[in-house]
Amino acid sequence: MNNEKLNQQKVFFTNRIKKNEKLLRKWRKKENITCWRVYDKDIPEIPVVIECYNNAIHAAEYRTFKVEDEKAREFWLTDLLKVAAAALGISEENIYFKFRKRQKGLQQYEKFAEIRRRMIVEENSLRFIVNLTDYVDTGLFLDHRITRDMVRSICEGRRVLNLFSYTGSFSVYAADGGADQTVSVDLSNTYLSWAEENFRLNGLYSGKQKFIKDDVFHYLKEAQKKGERFDLAIIDPPTFSNSKMSNHVLDIQKDYAKLLNNLLPLLNSDADVFFSTNFTRFKPDNTALMYTKIEDLTKATIPPDFRNKKIHYCYHLKK
């Protein structure tokens, strides 16, 4: 790429970053948010996602094509990220960049490094630990900020089940909303321990929380045998998983109805379920679901800092 073209890109990129930051400034302050998405592949020829975490930026390239010279492209992207950092008043040493590719099975839990660049961020009066270096994701999915707040608003006195719980952000919100008990189920001990840390960080850790390492399908089967019952459930599964820790290969398009229907015996009357997926080609078939009410919350749960309005699909179901 010639210098003239690169300089032109830098100008466009800088202007867009500054524009987005200004547009979202009042909203961030009002919602007490220190982690947010500042650039969402706004310019087609720069297919990068950039998120701010306090005084650092975490960037990932979402590429669907091959390039002839990987080193040249890495240099180009690094140069652009320095421009983004400058526009935001962030030091270059606080730039963290990853190449994003589809993750399967255990890969979603594997580490990039052991740098442990961890920090505490704030969201809706709660605090969470994020790791900007070592994993595919940071530990907090920013696109479900609104969904988490919805869950918190209807949790008082209720028993809450969080399946595919990751680092427990939904469970923390539920506990903050007065949930009588939260049960977080995930295959990763690393993420379950991380969830416990998030509870302690917010002063919410008590005997009312359970952290269970298990395959979700196996857990649902065993919980039914034990007579477990819940008033609210959250299901935010990966698109695909063939983890060796599970006997079940998960394909969310094929399995979502089975997953939701298997949950039904564990639900009390008038229970609420929040189901979401990041599978961009997801096609729901409501006729396969045995629920009395299915409400599409997708548009209502996409935060203002996400230009990509298909970042997730989200549904509210009633037993």
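Counting begins at 1 with the first residue of the sequence.
Remark: side-chain polar atoms of T167 are not paired, donor with acceptor, to backbone N or O of A195 under 3.5 angstrom. For the pair R307 (side chain) and D40 (backbone), a donor-acceptor distance under 3.5 Å is present. Of the possible donor and acceptor atoms, none in the side chain of D180 sits under 3.5 Å from a partner among the backbone N and O of R159. When atom types are taken as modelled, the side chain of W194 and the backbone of I129 share a donor-acceptor pair closer than 3.5 angstrom. The backbone N or O of V38 lies less than 3.5 Å from a partner atom in the side chain of N20, making a donor-acceptor pair. At least one donor-acceptor pair under 3.5 Å links the side chain of T292 to the backbone N or O of K319.
For K318, the NZ atom is densely surrounded, since the number of other residues' heavy atoms within 6.0 Å is greater than 12. In E4, the CD atom is not crowded: 12 or fewer heavy atoms of neighbouring residues, nucleotides or ligands sit closer than 6.0 Å. Residue K283 qualifies as open at atom NZ: its count of foreign heavy atoms under 6.0 Å is 12 or below. Counted within 6.0 Å of CD on E156, heavy atoms from surrounding residues, nucleotides or ligands total 12 or fewer; the atom is thus considered open.
L24 has its side chain out of reach of I33: every pair of non-hydrogen atoms, C-beta onward, lies at least 4.5 Å apart. Between L6 and K10 the shortest side-chain heavy-atom distance falls below 4.5 Å. With contacts defined as side-chain heavy-atom distances shorter than 4.5 Å, the pair I46/W76 qualifies. You'll find the side chain of L220 reaches within 4.5 Å of the side chain of L259, heavy atoms only. Side-chain contact between H312 and F141: absent, with no pair of heavy atoms (C-beta onward) separated by less than 4.5 Å. At least one side-chain heavy atom of Y219 sits under 4.5 Å from a side-chain heavy atom of L163. Within the 4.5 Å cutoff, no side-chain heavy atoms of R152 are placed close to those of R148. Side chains of E228 and L161 form no contact here, defined as non-hydrogen atoms less than 4.5 Å apart.
Aromatic pair F282/Y256: centroids less than 6.0 angstrom apart. The aromatic ring centres of Y135 and Y191 sit less than 6.0 Å apart.
Closest approach of Y166 to D186, counting heavy atoms only: N-OD2, 2.9 Å. In terms of heavy atoms, A56 sits closest to M119 at CB-CE, 3.9 Å. Between A84 and F13, the shortest heavy-atom contact is CB-CE2, 3.8 Å. Minimum heavy-atom separation, F230 to V183: CE2-CG2, 3.7 Å. Here the closest heavy-atom approach between residue F199 and residue G168 is recorded as CE1-O, 4.5 Å. Across V121 and C35, no two heavy atoms sit closer than the pair CG2-SG, 3.7 Å.
Salt bridge status for R127 with E122: absent, with no side-chain N to carboxylate O gap under 4.0 Å. Note on E61 versus R73: salt bridge recorded, some NZ/NE/NH1/NH2 to OD/OE distance being below 4.0 Å. Looking at D79 and K82, no side-chain N of the basic residue comes within less than 4.0 Å of a carboxylate O on the acidic one, giving no salt bridge.
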Practice task
Might you work through the side chain to side chain donor-acceptor pair (under 3.5 Å) test for H316 and K293, ending with a clear yes or no?
Solution key: CA-CA 8 Å; H316 175 215; K293 176 185 176 182; 4.8 Å; no
Practice task
Any chance you could lay out the side chain to side chain contact (heavy atoms under 4.5 Å, CB included) test for L260 and V273, step after step, and finish with the verdict?
Solution key: CA-CA 9 Å; L260 285 165; V273 176; 4.0 Å; yes
Exercise for the section: Please step through side chain to side chain donor-acceptor pair (under 3.5 Å) for the pair S184 and N162, ending with a clear verdict. Expected result: CA-CA 5 Å; S184 304; N162 185 6; 4.5 Å; no
Practice task
Show the numbers, then the answer: is there a side chain to side chain contact (heavy atoms under 4.5 Å, CB included) between R281 and Q253?
Solution key: CA-CA 9 Å; R281 297 187 301 277; Q253 182 62 73; over 6 Å; no
Exercise for the section: Step by step, work out the side chain to side chain contact (heavy atoms under 4.5 Å, CB included) result for N124 and E31. Expected result: CA-CA 6 Å; N124 292 328; E31 300 295 331; 3.4 Å; yes
Problem - side chain to side chain contact (heavy atoms under 4.5 Å, CB included) between L289 and N261, intermediate numbers included - result: CA-CA 6 Å; L289 298 175; N261 289 337; 4.2 Å; yes
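Scored by the ring-ring contact (aromatic ring centres under 6.0 Å, His included) test, Y291 finds no partners at all (sequence neighbours excluded). Remark: K225 engages E222 in a salt bridge (charged side-chain N to carboxylate O under 4.0 Å, His left out) (not counting sequence neighbours).
Between N202 atom CG and L126 atom CG the span is 5.0 Å, to the nearest 0.5 Å. In this structure, N198 CG and L204 CG are separated by 10.0 Å, a value rounded to the nearest 0.5 Å. Atoms OG and OH, from S276 and Y313 in turn, are 12.5 Å apart once rounded to the nearest 0.5 Å. With values rounded to the nearest 0.5 angstrom, L140 atom CG is found 12.5 Å from N131 atom CG. Note that CZ of R229 and CD of Q224 are 7.0 Å apart. Values are rounded to the nearest 0.5 Å. Rounding to the nearest 0.5 angstrom, the gap separating the CG atom in L317 from the CZ atom in F275 is 8.5 Å.
L267 is connected to M290 through a chain of hydrophobic side-chain contacts under 4.5 Å among Ile, Leu, Val, Met, Phe, Trp and Tyr, so both are in one cluster. No path of Ile, Leu, Val, Met, Phe, Trp and Tyr side chains, each step under 4.5 Å between heavy atoms, connects I43 with V11, placing them in separate hydrophobic clusters. Linking Ile, Leu, Val, Met, Phe, Trp and Tyr residues whenever their side-chain heavy atoms come within less than 4.5 Å leaves L23 and I311 in two separate clusters. No chain of hydrophobic side-chain contacts below 4.5 Å, direct or via other Ile, Leu, Val, Met, Phe, Trp or Tyr residues, connects F75 to L77.
For the 3.5 Å distance criterion, the side chains of Y173 and E123 qualify, holding a donor opposite an acceptor.
In this structure, K258 satisfies the cation-pi test against F217, with its NZ or CZ atom closer than 6.0 Å to the six-membered ring centre and inside 45 degrees of the ring normal.
Applying the side chain to side chain contact (heavy atoms under 4.5 Å, CB included) test between Y53 and each of L142, T34, I120 identifies L142 as the sole match. For the side chain to side chain contact (heavy atoms under 4.5 Å, CB included) with I57, the qualifying choice from L132, I17, N94, L88 is L88, the only one to do so.
Grouped with V151 in one hydrophobic cluster are I146, M150, I154, V160, F170, L232, I234, F274, L297, the linkage being side-chain heavy-atom contacts under 4.5 Å among Ile, Leu, Val, Met, Phe, Trp and Tyr residues.
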